[in-house]
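Let me begin by presenting the structure, written as structure tokens, before commenting on it.
Every number for a ligand or one of its atoms is a count from 1 in the order of the listing.
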Amino acid sequence: MAFRIPRPKGLTGQIVLALVLGLALGVILNVIVSQPLFTESTQQVDANAGYYVLKDNTPVYDSLEATKPVLTLQQSDSVKLVSGSAQQDRLQIESPDPKLSAEQDYFVQKNSVRQKGFIFHWLQNGILHLIGSIFIASLKLLVVPLVFVSLVCGTASLDDITKLGRIGGKTLALYLFTTSVAITLAMLAAVLIQPGGGLSIATDASFQAKQAPPLVETLINIFPTNPLKSMVEGEMLQIIVFSGLFGVALTLIGDHGQRLLSIFNDLNEAIMKMVMMIMIVAPYGVFCLIAKVFLEQGIDAIIPLGKYFLVVLLVLIVHANLTYLSILRFIGRLNPITFIKKFKSVPMFAFSTASSGATIPITLENVEHKLGVKNSIASFTIPLGATINMDGTAIMQGVATIFISQVYGVDIGIQGMLMVILTATLASVGTAAVPGVGLITLAMVLNQVGLPVEGIGLIIGVDRLLDMARTAVNVTGDAVVSCVVAKSEGALDEDVFDNMESSS
Ligand code: ASP
């Protein structure tokens, strides 16, 4: 008898539970590891006590009074305490980095040093890390084969190849349109609410911006010189180009193409089944990822940047509810409530992985099987969207640019704002859909309008949490555009879209 793996029932409920429990556990553990280092009986650093854990992005100074840090350390660089007491603000640590002089003394703020021990070794870097990483890896392992196989099937099943250009044009236009709306909303909100007004915060000056590639390079890079290399390196746009061409070729070689296509269709079924298998264990993965993030970050990092954090969150919510649902209703003539009910588990995956790329298998499965978008459209729009359509990221960049300009007291003017809309919209094209990429492209936007790139150091502390929220919006935008394009091409099965049986 064949072993059947059904689509997991009640998945959304399980993921919500995993999110809530993970968050609660993470916050509780964070409070425990953030307990004061010194008790009544231990008022001095015990230099023999072994290694301690730091908060992520901990600034390191070369004297007790220095205001500018010489580097930042991460949690993974656990350090040894050399001296310090309950009365001091800074504690001396052992020379933490091989690049730095062993002669020099280094200091960190007392509140960046956290208790070491069981929670760090067995939970944070132990079981939570283990299960969370295996979960992400098992999603990622499907991305390249899935996009390749699915896109070959998709393009090969188009009855008319000329449709390809039209579908591509519509998809790109809608992606660019939603992104520019997103960033405009973000800047409007930031100008009105003034999250950076009257604020002066210490900058983590050691933030080093990576240079984003110029636009021409980005365009050339879309075309692979070696498709195997593109696959090995997960270059999504290159894989899309190669798979699309391969699929088109299959339609042009008659019977040979049909024979190969049937193999690709079978492969597609097998990979989709693997997605289903991963979804069954997803709640455990989500629980571990979320617990780890909140254990590492805590929520106290949000407090000094509360206003910035809330403005980004507010615009993300407005964009997801107002822009997307209006597009569905007025351009797609589709019921937005049905969309929400059927799509809701995907943003939760994106939230816990903070990667639109890793979420591609889940988004694609959902858009095809629950929302009824034909494979010929979804196999193209979803991987493309995951790579180039980042509305949530653009929102963070819009708010961050205005926030940084307010903190530094620089008025970028209307012209600067138009420039931000243009650069941030273009910047999202060609950047990888992985955690934290938004900060790299933000450097490009700040450069364009002459704002200091070090400003990124102001917001880096809350970026991991915002990354999760904006990735949820990023993937929602991809699905909305996919549905609208499919509807306009007569490639949306409305019986599937309207069928509420599959909404769990
Ligand atoms: N993590 C985001 C994504 O994968 C990108 C970013 O904003 O950093 O969509």
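Of all atoms in ligand 1, listed by their number and element, those nearer than 4.0 Å to a heavy atom of Ala354 are 1 (N), 4 (O). Of all the atoms in ligand 1, the ones that sit under 4.0 Å from a non-hydrogen atom of Ser356 are 3 (C), 4 (O), 9 (O). For ligand 1, the atoms lying closer than 4.0 Å to a non-hydrogen atom of Thr471 are 1 (N), 2 (C), 3 (C), 4 (O), 9 (O). Remark: ligand 1 atoms within the under-4.0 Å shell around heavy atoms of Ser355 are 4 (O). Close approach of ligand 1 to Thr393 (heavy-atom distance below 4.0 Å) involves ligand atoms 5 (C), 6 (C), 7 (O).
Residues meeting the side-chain contact (heavy atoms from CB on, under 4.5 Å) test with Lys170, sequence neighbours left out: Arg166, Val485, Ser488, Glu489.
Residue Gly357 has no nitrogen or oxygen atom sitting less than 3.5 Å from a nitrogen or oxygen atom of ligand 1, judged on distance alone.
Ring to ring, Phe264 and Phe148 are close: their centroids are under 6.0 angstrom apart.
Under the side chain to side chain donor-acceptor pair (under 3.5 Å) rule, Thr393 has a single partner from Asn474, Thr471, Thr179, which is Asn474.
For Arg470, every heavy-atom contact with ligand 1 shorter than 4.0 Å involves the side chain, none the backbone.
For the pair Thr476 and Val346, the minimum side-chain heavy-atom distance is 4.5 Å or more. When side chains are defined from C-beta on, Cys483 counts as touching Phe339, because their heavy atoms get closer than 4.5 Å.
Remark: among candidates Asp467, Val473, Leu466, the nearest residue to atom 1 (N) of ligand 1 is Asp467, based on non-hydrogen atoms.
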Side-chain atoms of residues 394-402: list all donor-acceptor pairs with protein atoms under 3.5 Å, sequence neighbours left out, distances to 0.1 Å.
unit_1, atom_1, unit_2, atom_2, d
Gln397, NE2, Gly438, O, 3.0
Gln397, NE2, Thr441, OG1, 2.6
Thr401, OG1, Gln397, O, 2.5

